[in-house]
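Below, all heavy atoms of this structure are taken into account, side chains as well, without hydrogens, waters or symmetry copies. Keep in mind that what you see is a predicted model, and the values were worked out from it rather than measured.
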Amino acid sequence: GVVIQGDTLFIFYAEAMEIVKALSRSSDKETFETALFLAEKLEGHLDDYVSVIKQNGFEFPFNLPADLRVSNFGNKKGDA
């Protein structure tokens with residue numbers, strides 16, 4: 001396995017979302033869906049991390065904007 005610190009995971013996720021945002025204006029649907037899939041996977045891991053942090057009463061090492069979500073970009077890869 002690989003261990004990634006929470007703040008680093010957030011940076012990876014935020015960067016993936018920037019790519020999704022840029023590709024959402026592109027005609028390259030396949031690359032957009034691939035980026036969206038990657039962001040969705042990172043978001044799932046980040047959600048797990050956030051849940052554990054909240055359950056244990058720790059402070060977050062980053063600010064998670066509420067609008068920074070995969071669901072803001074329509075259907076996820078594989079959705080009909």
field: Separation of Glu40 CD from Glu33 CD (nearest 0.5 Å)
entry: 11.5 Å
- prompt: Any link between Val3 and Phe10 through a network of hydrophobic side chains (Ile, Leu, Val, Met, Phe, Trp, Tyr) touching at under 4.5 Å?
  reply: no
message: Show every salt bridge (Lys or Arg N to Asp or Glu O under 4.0 Å) that has at least one partner inside residues 1-10, sequence neighbours left out.
response: none
message: With a 4.5 Å cut-off on side-chain heavy atoms, are Leu42 and Val70 touching?
response: no
message: Does any part of the side chain of Phe60, heavy atoms only, come nearer than 4.5 Å to the side chain of Val50, both counted from C-beta?
response: yes
field: Pairs meeting criterion side-chain hydrogen bond (donor to acceptor under 3.5 Å, both in side chains) with involvement of residues 50-62, two or more places apart
entry: Ser51-Gln55
query: Do the non-hydrogen side-chain atoms of Thr34 and Lys29 ever get within less than 4.5 Å of each other?
result: no
- prompt: Looking only at heavy atoms, which two atoms of Leu9 and Ile4 are closest? And how far apart?
  reply: N-CG2, 3.7 Å
query: How many angstroms lie between CD in Glu43 and CG in Leu64, if you round to the nearest 0.5 Å?
result: 8.5 Å
message: Test of understanding: with side chain to side chain contact (heavy atoms under 4.5 Å, CB included), list the residues that count as partners of Asp48, not counting sequence neighbours.
response: none
Separation of Leu36 CG from Lys41 NZ (nearest 0.5 Å): 11.5 Å
Donor-acceptor contacts under 3.5 Å from residues 17-25 side chains, at least two apart:
residue : atom : partner : partner atom : Å
Glu18   : OE2  : Lys21   : NZ           : 3.4
Ser24   : OG   : Lys21   : O            : 2.7
Arg25   : NH1  : Lys21   : O            : 3.2

message: Within the structure provided, determine whether Phe32 and Phe73 are in side-chain contact (heavy-atom separation under 4.5 Å).
response: yes
message: Using side-chain heavy atoms (C-beta onward) and a distance below 4.5 Å, is Tyr13 in contact with Leu68?
response: yes
message: Looking at every heavy atom in both Tyr49 and Gly6, which two are closest together, and how far apart are they?
response: CZ-CA, 3.4 Å
- prompt: What pairs with Thr8 under side chain to side chain donor-acceptor pair (under 3.5 Å), at least two apart in sequence or on another chain?
  reply: none
